[in-house]
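Beneath this line is the structure, given in structure tokens, with notes to follow.
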Amino acid sequence: MPLINARRAKRRGPRRFTSRDLAVIGVLLGIPVLLDLALIWGPTLASIGLSFTNWDGIGDIHWVGIDNYKTLFTGYPPFWPAVRNNVLWVAFLGCVATPFGLLLAVLLDKGVRFSRFYQSTLYMPVVLSLAIVGFIAQLIFSRDQGALNAILSNENDPVDWLGNPDLNIWMVLLAAAWRHTGYVMILYLAGLKSVDPSLKEAAAIDGASETQTFFRVVLPTLRPVNIIVGVITVIEALRAFDIVYAINHGRNGLELLSVLVTDNIIGEASRIGFGSAIAVVLLTVSLGFIVTYLVQELRGGKKG
């Protein structure tokens, strides 16, 4: 018996990997890591380094220190309008599209008739890229052949919805919100399905109204979803590019930081160092929200 137990203990010991196993693990882990370094971290670190240089992509690279950042904040007129528009994107998607998506999720969670149809219809814009949404916006808001002017009977005095810098940003935000609302709706709908029904029943027994139950019981339990939605909303607003570039190349009131990066790096000027400085500013702002999300998740995991 002792001999049999010893053999069983030996069999239950840690399995030794063969050279073939190690090769397979190395390939399965190595390829994704190399792709991540080559496509994400490599360009990111290169942009940070190039932001302190003056380079046109062909000639020699000249170190200029923080001159690009000084010029960006004090001597580059499109920068602050782009910052204002990016902030407006964050505010509009966060304060209009996100609450509306939450409202739709709450209504669908009640089990209304044809809820599956509504979910599919409202989520359908999410599968479209922002560039396609931009082309759809042109069909709707175009000055001469747009559907909106035709509906409003403005043929004699058409409104230039996309050409007027006082109006076009709001039209673009409506189009972007149309896509973003469906995404938020699905996230909140999944969160609402996971809420314990006993919490609602306890609140009803205590005399809480439906509105009080939602804001004091249901919404606090959706805190993880709220954080995810908030981070996604900020990132979507900061990386917005396709829709404004499809409409008017991000000019005449639609300036965004992402557009300025593209114009400086691949434009006629080819100021790669200066464009990299704009990209670093955009990266820094994005990382601030991402780090906040990760800290909140780690804290929540420790409490759990």
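Source: prediction; values computed, not measured. FYI, side chains are in, hydrogens and waters are out, and symmetry mates aren't considered; it's all heavy atoms of this structure.
At most 12 non-hydrogen atoms from other residues, nucleotides or ligands lie less than 6.0 angstrom from CD of Glu210. Residue-environment remark: CD1 (Ile25) exceeds the threshold of 12 foreign heavy atoms within 6.0 Å. Remark: Phe214 CZ is packed, more than 12 non-hydrogen atoms of other residues, nucleotides or ligands lying under 6.0 Å away. Around CZ of Phe92, the count of heavy atoms belonging to other residues, nucleotides or ligands within 6.0 Å exceeds 12. Within a 6.0 Å sphere centred on CZ of Phe215, heavy atoms belonging to other residues, nucleotides or ligands number 12 at most.
Residues that satisfy the side-chain contact (heavy atoms from CB on, under 4.5 Å) test with Ile61, not counting sequence neighbours, are Leu50, Thr53, Trp55. Applying the side-chain hydrogen bond (donor to acceptor under 3.5 Å, both in side chains) criterion to Tyr76, with sequence neighbours excluded, gives Asn264. Among residues two or more places apart in sequence or in another chain, the side-chain contact (heavy atoms from CB on, under 4.5 Å) test is passed with Leu34 by none. Among residues two or more places apart in sequence or in another chain, the side-chain hydrogen bond (donor to acceptor under 3.5 Å, both in side chains) test is passed with Thr98 by Thr233. Take Tyr245 and apply the ring pair (Phe, Tyr, Trp, His ring centres under 6.0 Å) test, not counting sequence neighbours, and it matches Phe241, His249. The side-chain hydrogen bond (donor to acceptor under 3.5 Å, both in side chains) check on Asn168 picks up nothing, with sequence neighbours excluded. The side-chain contact (heavy atoms from CB on, under 4.5 Å) test applied to Ala240 returns Trp89, Leu256, not counting sequence neighbours. Residues passing the side-chain hydrogen bond (donor to acceptor under 3.5 Å, both in side chains) test with Arg239, sequence neighbours excluded: Glu236.
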Intermediate values then yes/no, side-chain contact (heavy atoms from CB on, under 4.5 Å), Asp263 and Arg251 = CA-CA 11 Å; Asp263 287 343; Arg251 298 185 177 90; 4.1 Å; yes
Evaluate side-chain contact (heavy atoms from CB on, under 4.5 Å) for Asp56 paired with Ile272, printing each intermediate quantity in order.
-> CA-CA 6 Å; Asp56 60 1; Ile272 295 180; over 6 Å; no
Can you list the steps and then say if Ile169 with Leu254 is a side-chain contact (heavy atoms from CB on, under 4.5 Å)?
-> CA-CA 6 Å; Ile169 184 66; Leu254 297 182; 4.1 Å; yes
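The main-chain N or O of Asp144 is never found under 3.5 Å from a side-chain atom of Asn149 such that the two would form a donor-acceptor pair. Looking only at distances, no side-chain donor or acceptor of Asp242 sits under 3.5 Å from a matching main-chain atom of Ile132. Without hydrogens or angle criteria, Asn252 side chain to Gly163 main chain gives a donor-acceptor distance under 3.5 Å. With hydrogens and angles ignored, the 3.5 Å screen pairs a side-chain donor or acceptor of Asn248 with a backbone N or O of Gly250.
The two residues Leu219 and Asn226 come nearest to each other via the heavy atoms O-ND2, 3.7 Å.
At a threshold of 4.5 Å between side-chain heavy atoms, the hydrophobic network of Ile, Leu, Val, Met, Phe, Trp and Tyr places Trp161 and Trp170 in one connected group. In the hydrophobic clustering of ILVMFWY residues, with side-chain heavy atoms under 4.5 Å counting as a link, Val218 and Leu107 come out together. Cluster annotation: Phe52 is connected to Leu282 through the hydrophobic network of ILVMFWY side chains, with a link wherever side-chain heavy atoms come within less than 4.5 Å. Note: the hydrophobic cluster containing Ile58 does not contain Ile265 (ILVMFWY, side chain heavy atoms under 4.5 Å, direct or indirect links). Under the 4.5 Å side-chain heavy-atom criterion for Ile, Leu, Val, Met, Phe, Trp and Tyr, Trp80 and Val280 are members of the same hydrophobic cluster.
To the nearest 0.5 Å, atom CZ of residue Phe79 and atom CD of residue Glu255 are 13.0 Å apart.
Pairs passing the side-chain hydrogen bond (donor to acceptor under 3.5 Å, both in side chains) check and including a residue from residues 59-70, sequence neighbours excluded, read Ser51-Tyr69. Under the side-chain hydrogen bond (donor to acceptor under 3.5 Å, both in side chains) criterion, the residue pairs touching residues 194-203 are Asp196-Ser198, with sequence neighbours excluded.
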Could you pull out every donor-acceptor pair under 3.5 Å between side chains of residues 113-120 and any protein atom, sequence neighbours left out?
from	atom 1	to	atom 2	distance (Å)
Ser120	OG	Arg116	O	3.0

Donor-acceptor pairs under 3.5 Å, side chain of residues 41-48 to any protein atom, not counting sequence neighbours: which ones?
from	atom 1	to	atom 2	distance (Å)
Trp41	NE1	Asp36	OD2	3.2
Thr44	OG1	Ile40	O	2.6
Ser47	OG	Pro43	O	2.9

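Residues Arg179 and Leu130 have side chains in contact (heavy-atom distance under 4.5 Å, counting atoms from C-beta outward). Proximity of Leu122 to Thr181: side-chain heavy atoms (C-beta onward) are nowhere separated by under 4.5 Å. Residues Trp178 and Leu128 are in side-chain contact: their nearest non-hydrogen atoms beyond the backbone lie under 4.5 Å apart.
Between Tyr188 and Asp109, the side chains place no donor N or O within less than 3.5 Å of an acceptor N or O (distance only, hydrogens not considered).
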